[in-house]
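Accompanying notes for the structure given below.
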Number of protein chains: 2
Amino acid sequence: MKDVAARAGVGLKTVSRVVNGEPGVTAETEHRVREAITALGFRRNDSARVLRKGRTASIGLVLEDLADPFYAPLSRAVEEVARDHGALLLNGSSAEDPARERELVLALCARRVDGLVVVPAGGDHRYLEPETAAGLATVFVDRPGGLIAADAVLSDNFGGARDGVAHLVAHGHRRIGFLGDQPRIHTATERLRGYRAAMAAAGLPVDASWVSLGPTAPDRVRAETERMLTGPSPVTALFTGNNRVTATAVRVLARHPRPVALVGFDDLELADLLTPAVTVVAQDASRLGRTAAELLFRRLDGDAGPPRHEELPTRLIARGSGELPPADGTSG
Amino acid sequence: MKDVAARAGVGLKTVSRVVNGEPGVTAETEHRVREAITALGFRRNDSARVLRKGRTASIGLVLEDLADPFYAPLSRAVEEVARDHGALLLNGSSAEDPARERELVLALCARRVDGLVVVPAGGDHRYLEPETAAGLATVFVDRPGGLIAADAVLSDNFGGARDGVAHLVAHGHRRIGFLGDQPRIHTATERLRGYRAAMAAAGLPVDASWVSLGPTAPDRVRAETERMLTGPSPVTALFTGNNRVTATAVRVLARHPRPVALVGFDDLELADLLTPAVTVVAQDASRLGRTAAELLFRRLDGDAGPPRHEELPTRLIARGSGELPPADGTSG
DNA sequence: CTGAAAGCGCTTACAG
DNA sequence: CTGAAAGCGCTTACAG
């Protein structure tokens, strides 16, 4: 910038004015400055700008896995909102590891992002308090933050699972399995709660062997699915707790001799083309991301109200797999 | 940092040493400094650090759409490599718009990212020259940069498409349709070239009505697919140029009275569970991202060799749809 | 309409 | 082992 000023024969401040489109520069002066800028290949260094202005016009997004078909559209939605507000997006995957989440979040804070959208992996976010005190805005999405009063945008995990299981009950099932993610994940326990509520509402008992929470690695899900389909009290229907679990369960059911009904939480690409097509409780991942990012920017614009919790509805999409009648392996 | 130094009763430089883990500080002094840091809730401001050091320990990734199931794993792979090198990832979608690509890239440059991984939307990257001259490293991935000598990591689009089409020819097809993306996209024309090469190698003519390049919006793809399946010279097999096109084509074929063979470029989740299961030419999106990011960091570590072009192999996965025999609608 | 001075929060030599 | 001074590239008051 100094070089540009020298070449154009003007002061530093004048160059700054031109670069930032501020008023109060003669057309002729501006022309000289622009000429010098292109001749020298000058580009403003935003790091220096940030140092003075305080705001970085960037936000951070920390989620579980950028590659997951649920989180990818969520990211894109956050990016679009950021773009509308002239901000850039810094992105990171926690890989469901609380230590990695913390490390990432703090690295983003050190870069002085203006705000943060976080899908938490851990259950304790008190480490954010100094940052929040220093002016950082944070919105949790998909899952609430832990031990901290903060904004959160969630899906109706409880209601969605309850309705999905009730759908199976309405189609005559009494022995329904629940295959979910690890119990330390908020959405997993909420969906399990929905399952139990639907069973209780129908007056149905829940055998301990019908419920399985744990890592969503295909091996475990496959083993657990097979276990529920055999044994003394086999299930006639399955409720799967997220997209990864559903994909694996569908693979197992495709090779199973008896038809087994299935409702999955989260929609899957091509789910409508399978035989039977897969009935799902769909979340709107884009809308989750958009809502969270919009809330974040409202905070950055000065909204200092109490922490807000927004809950988005889910949608049951009946396609076939959830409407199969019970095929009772024990009695026929 | 000044406050920390004052509170600990030491100089600024000593605080800097502690924060950066540099040697040459008494255990007792270090303890005093650390105490002051936690008491004051101090976090180093990396913007200031960047201003002095020159390096930002961040890289930018610009691609078409963060939410696309092909680009999402590519992003994640770039992120992992960045993480291994202690760098953060700034991310943006160009939405296949050259102007938006340029805008994003320049915004990332203004933040002084150390390097850039770019899936180009535009065909002219001379705008990067001043940045490159100033030390920016750039690696293009999935598609080469335009009018600029730069590193590129690509899939073998030509060979993959050629083999996929040859596979259909080997199963008896003579009238094969090609449904691809817009012709200004490098991968679209490369794959079309592969299609033509396979047809030529088999001595088969290509009717103009069998080739369709254009936007991958479902409406257009649906219309074009239906057009190729009817009319005077209907195709008996389809080669689809990417994941989005394949998904739409599969939907059309599912409702079509006659079986039509299909090979798609790019793998799809659940493709193995469809009836018939979808034969694809799979790219390794993660490996593309990883290879590009690793090359970028080699450049940042000082590798100043001539621009490198790496080409990754594709893999034909036969699952059923590509092995269907011709069902000739005209002759029976 | 234009510019010289001070300062954002760090690090880099350099000196004790 | 420790610190005072200068400077990274901008912007913010302030003065002409």
Side-chain angles (χ1 to χ4, degrees), chain A residues 1-37 40-58 86 106-107 109-114 130-131 134-136, chain B residues 1-37 40-58 86 106-107 109-114 130-131 134-136:
Chain A
M1 193 145 131
K2 203 169 52 188
D3 298 342
V4 172
R7 180 173 175 127
V10 300
L12 227 53
K13 176 58 200 166
T14 301
V15 178
S16 175
R17 283 198 184 91
V18 171
V19 169
N20 294 307
E22 287 168 29
V25 182
T26 330
E28 200 260 312
T29 310
E30 175 168 348
H31 181 76
R32 279 218 316 283
V33 172
R34 293 217 177 277
E35 187 278 327
I37 286 176
L40 267 39
F42 167 81
R43 307 263 195 225
R44 183 177 64 197
N45 183 332
D46 278 359
S47 299
R49 176 164 225 246
V50 158
L51 195 53
R52 285 295 326 207
K53 301 213 76 151
R55 284 257 173 128
T56 58
S58 62
L106 292 179
C109 289
R111 303 299 168 100
R112 294 293 189 269
V113 293
D114 298 330
E131 311 295 340
L136 177 83
Chain B
M1 192 147 131
K2 204 169 51 186
D3 297 342
V4 172
R7 178 171 176 128
V10 301
L12 227 52
K13 176 59 200 167
T14 301
V15 178
S16 175
R17 283 200 183 89
V18 171
V19 169
N20 294 308
E22 288 167 30
V25 182
T26 330
E28 201 260 311
T29 310
E30 174 168 351
H31 181 76
R32 277 216 318 281
V33 172
R34 293 216 176 277
E35 187 276 329
I37 286 176
L40 267 39
F42 166 82
R43 308 263 194 227
R44 181 178 65 196
N45 183 334
D46 278 357
S47 298
R49 176 164 225 246
V50 157
L51 196 52
R52 283 296 326 207
K53 301 214 75 154
R55 284 258 172 129
T56 58
S58 62
L106 291 179
C109 289
R111 303 297 169 102
R112 294 294 188 270
V113 293
D114 298 330
E131 312 294 340
L136 177 84

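Below, chain A is the first sequence line, B the second, and so on; all start at residue 1. Computed from heavy atoms alone, side chains included, the values below leave out hydrogens, waters and symmetry copies.
Summarising the geometry of B:R32 relative to B:G9, their closest heavy-atom pair is NH2-O, 3.9 Å, with the distance given to 0.1 Å. When all heavy atoms of B:E131 and B:C109 are compared, the pair lying nearest together is OE1-CB, 3.4 Å. Among all heavy-atom pairs drawn from A:E30 and A:V25, the shortest one is N-CG1, 3.8 Å.
Think of the region where chain B sits on DNA chain C: with heavy atoms and a 4.0 Å cut, that region ends 5' and 3' at C:dG9 to C:dT12.
Taking CD1 of A:I37 as the start and CZ of A:R7 as the end, the distance is 11.5 Å to the nearest 0.5 Å. One distance of note links CZ of B:R112 with OG of A:S47; it measures 7.5 Å at 0.5 Å rounding.
For DNA chain C, the stems formed by at least three consecutive Watson-Crick or G-U pairs, with both atom-pair distances below 3.5 Å, span C:1-3 with D:14-16, C:5-12 with D:5-12, C:14-16 with D:1-3.
At a threshold of 4.0 angstrom between heavy atoms, the contacts of A:R43 are confined to the sugar-phosphate backbone, with no base atom among them.
Residues B:V4 and B:V10 have side chains not in contact (no heavy-atom distance under 4.5 Å, counting atoms from C-beta outward).
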Please output the side-chain donor-acceptor pairs of residues 12-20 of chain A that fall under 3.5 Å, not counting sequence neighbours, one pair per line with the distance.
residue, atom, partner, partner atom, Å
A:K13, NZ, A:E22, OE1, 3.4
A:S16, OG, A:N20, ND2, 3.4
A:N20, OD1, A:R44, NH1, 2.2
A:N20, OD1, A:R49, NH2, 3.1
A:N20, ND2, A:S16, O, 2.9

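Every residue meeting the side-chain hydrogen bond (donor to acceptor under 3.5 Å, both in side chains) condition with A:T56, not counting sequence neighbours, appears here in chain and number order: A:S58, A:D114.
The stretch residues 27-37 of chain A touches DNA chain C through A:T29, each having a heavy atom within less than 4.0 Å of the strand. Contacts between residues 8-20 of chain B and DNA chain C, defined by a heavy-atom separation under 4.0 Å, are made by B:K13, B:S16, B:N20.
Both A:K53 and B:L51 lie close to DNA chain D; mapped to their nearest nucleotides by heavy-atom distance, the more 5′-ward contact belongs to B:L51.
Using a distance-only test at 3.5 Å, with no hydrogens or angles considered, no donor-acceptor pair links the side chain of B:R43 to the main chain of A:A110.
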